[in-house]
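Reviewing the structure listed below.
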Amino acid sequence: MAQSIDDLQSMIVNELRVLEDDIHVTSDGDTLTFYLPSEDLDKARDELDSDLEVLEEHEYEYLVKVTL
């Protein structure tokens with residue numbers, strides 16, 4: 001993937017209304033997890049050049065995993 005983790009985190013913060021402190025990077029550095037507002041799921045799928053998986057569904061948000 002051409003995007004770096006820093007670039008991806010910056011895009012998630014700026015485009016998807018996620019706080020930087022709420023983005024968690026796995027120890028191997030190839031997966032990000034974060035809560036995403038429900039109304040932004042389709043936008044995230046369009047914006048992210050990565051594999052997006054919904055791990056948990058809540059009333060107003062999703063816990064998602066992005067694999068680089």
note = Hits for side chain to side chain donor-acceptor pair (under 3.5 Å) against H58, two or more places apart or cross-chain, chain-then-number order -> E56
key: Other cluster members, L55 - Ile/Leu/Val/Met/Phe/Trp/Tyr, side-chain contacts below 4.5 Å   = Y35, L63
ask   = Should we say atom CD of E20 is surrounded by more than 12 heavy atoms from elsewhere, each under 6.0 Å from it?
value = no
request  = Output every pair passing salt bridge (Lys or Arg N to Asp or Glu O under 4.0 Å) with a member in residues 59-68, not counting sequence neighbours, ordered by first then second residue.
outcome  = E53-K65
message = My understanding is that only residues two or more places apart in sequence, or in another chain, count here; which of them pass side-chain contact (heavy atoms from CB on, under 4.5 Å) with D6?
response = S4, Q9
remark   = side chain to side chain donor-acceptor pair (under 3.5 Å) filter on R17, not counting sequence neighbours, yields E39, D40
ask   = Roughly how far apart are T33 OG1 and I23 CD1, rounded to 0.5 Å?
value = 9.5 Å
Identified side-chain contact (heavy atoms from CB on, under 4.5 Å) counterpart of L36 within the set V54, V66, L41 = L41
query = Quick one: side chain to side chain donor-acceptor pair (under 3.5 Å) partners of D42, sequence neighbours excluded?
reply = none
key: All pairs passing salt bridge (Lys or Arg N to Asp or Glu O under 4.0 Å) where residues 26-35 contributes a residue, at least two apart   = none
message = Which residues pass the side chain to side chain donor-acceptor pair (under 3.5 Å) test with S38, not counting sequence neighbours?
response = none
ask   = Just wondering, do L48 and M11 contact through their side chains at under 4.5 Å, heavy atoms?
value = yes
message = I need the minimum non-hydrogen distance between I12 and F34, along with the two atoms involved.
response = CD1-CE2, 3.5 Å
query = Distance from L68 atom CG to I5 atom CD1, nearest 0.5 Å?
reply = 5.0 Å
query = Taking only residues two or more places apart in sequence or in another chain, which ones pass side-chain contact (heavy atoms from CB on, under 4.5 Å) with E57?
reply = Y62
